[in-house]
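Residue numbers start from 1 in every chain, and the chains themselves are labelled A, B, ... in the order their sequence lines are given, proteins ahead of strands.
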Protein chains: 2
Amino acid sequence: MPTRTASQRRAEASIIYDAYLAECPARQLLDRIADKWVSLVVNALADGPRRYSELQRRLASVSQKMLTQTLRHLERDGLVSRTVTPAVPVRVAYELTPLGRSLLPVMRAIKDWAEEHMDEVQAARVTYDTPD
Amino acid sequence: MPTRTASQRRAEASIIYDAYLAECPARQLLDRIADKWVSLVVNALADGPRRYSELQRRLASVSQKMLTQTLRHLERDGLVSRTVTPAVPVRVAYELTPLGRSLLPVMRAIKDWAEEHMDEVQAARVTYDTPD
DNA sequence: CTGTATCCGAGGAGATACTG
DNA sequence: CAGTATCTCCTCGGATACAG
């Protein structure tokens, strides 16, 4: 088996996967993670495991459906692990996997950007919407 | 006028804007930029101005509607500038503004992440989908 | 070349009700 | 508590046709 460095493998991957192409799996993955709910959920799991109800509280006014759906997708993609503690009532904890944690900086950056540049964007909108 | 450091201003902003709240403008902005097309367009503009038709070629199989819509949104939000060169036929160039360029590292990171971790995600999906 | 306008189907997303 | 199951509304997004 040939030995390859991580950067070499990345270089190969960038040849194989090209998100600009509609048919490329990476394009679908981009579509999956470039998502409001994914960003918020991953950010909410930044500091460790969280219970379902904790996430629901943190993400004010996310519907049960979207929260569950997002968590299922993240679990299936290996970004989040789900741990059920058999008790009455049952406790379910969600936690970022190592793979999920590798996405955290990106998700944090996008959320922070939105919060930090809100003023500039709003000013630009006013300018754009104002008839000369 | 009081002098404040950039980090102090950021701290204030993080108090005012909270993307976890549905009503917060930052939440809508997050929804806007956490988007497949935004990521691809901003990345495609990384190396300088691009014409409409260049973008259309680069983003294989983006429809006119989505490309135009995305560019309009980005222009309105002050992330992209639009320059029309009156000629026959007319030339239109799009370029990242300084604000748009501040978003570029984030958009690049998310696209790169998708391309680099595709294999791991696909492996996780197989595991998830395989009945024990 | 760079758009706008319109139609239409598929999926996103909330509200509500029900279950182990 | 942590979901699943519907129902419904609505936006996303592609296809097509037309215009400056």
Measuring from the side chain of [X] (C-beta onward, heavy atoms only), which nucleotide among [options] has the closest atom?
| X | options | value |
| --- | --- | --- |
| A:Ser53 | D:dG3, D:dC1, C:dT2 | D:dC1 |
| B:Lys65 | C:dG14, D:dG13, C:dC1 | D:dG13 |
| A:Val90 | D:dA17, D:dG13, D:dA2 | D:dA2 |
| A:Tyr52 | C:dG14, D:dA2, D:dA17 | D:dA2 |
| B:Met66 | D:dG13, D:dG3, C:dG3 | D:dG13 |
| B:Tyr94 | C:dG3, C:dA13, D:dC1 | C:dG3 |
| A:Arg51 | C:dG3, D:dG20, D:dA2 | D:dA2 |

>> To the closest 0.5 Å, what do you measure between CE (A:Met107) and CG (A:Leu79)?
In response: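 Reported to 0.5 Å precision, the distance equals 9.5 Å.
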>> Counting only heavy atoms and a strict 4.0 angstrom limit, can you tell me which residues of residues 67-75 of chain B come near DNA chain C?
In response: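 The stretch gives B:Thr68, B:Arg72 as the residues lying under 4.0 Å from the strand, ordered by number.
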> Do we see a donor-acceptor contact under 3.5 Å between the side chains of A:Tyr94 and A:Arg50?
Replying inline: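 A:Tyr94 vs A:Arg50: no donor-acceptor pair found between side chains.
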> Are a donor atom and an acceptor atom from the side chains of A:Thr68 and A:Tyr52 found within less than 3.5 Å of each other?
Replying inline: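 Looking only at side-chain atoms, A:Tyr52 and A:Thr68 do form a donor-acceptor pair, the distance falling under 3.5 Å.
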Using atom [atom1] of [X] as one end and atom [atom2] of [N] as the other, report the distance to the nearest whole Å.
| X | N | atom1 | atom2 | value |
| --- | --- | --- | --- | --- |
| B:Gln28 | C:dA13 | CD | P | 13 Å |
| A:Leu40 | C:dG12 | CG | P | 17 Å |
| B:Gln56 | C:dG3 | CD | C1' | 10 Å |

> Think B:Arg82 has a side-chain N or O under 4.0 angstrom from the OP1 or OP2 of C:dG3?
Replying inline: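 So the side chain of B:Arg82 is within the cut-off, an N or O lying under 4.0 Å from OP1 or OP2 of C:dG3.
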>> Any side-chain N or O of A:Trp37 below 4.0 angstrom from OP1/OP2 of C:dG12?
In response: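 No, outside the criterion.
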>> Both A:Asp31 and A:Val92 contact DNA chain D. Taking the nearest nucleotide for each, which residue is further toward the 5' end?
In response: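 That would be A:Val92.
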> What are the two closest non-hydrogen atoms of A:Ala114 and B:Leu29, and how far apart are they?
Replying inline: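 Reported closest heavy-atom pair: O-CD2, 3.4 Å.
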> Considering all heavy atoms of both residues, which atom of A:Arg101 and which atom of A:Leu96 are nearest to each other, and what is their separation?
Replying inline: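 Closest approach of A:Arg101 to A:Leu96, heavy atoms only: NH2-O, 2.8 Å.
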> Starting at the 5' end of DNA chain C, which residue's closest nucleotide do you reach first, A:Gln64 or A:Lys36?
Replying inline: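 That would be A:Lys36.
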> Between A:Tyr20 and B:Asn43, is a side-chain hydrogen bond (donor to acceptor under 3.5 Å, both in side chains) present by the stated rule, with each step listed?
Replying inline: CA-CA 10 Å; A:Tyr20 285 121; B:Asn43 272 288; 5.0 Å; no
> Would you call A:Arg76 and B:Asp129 a salt bridge, using N to O less than 4.0 angstrom?
Replying inline: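 Yes, A:Arg76 and B:Asp129 are salt-bridged.
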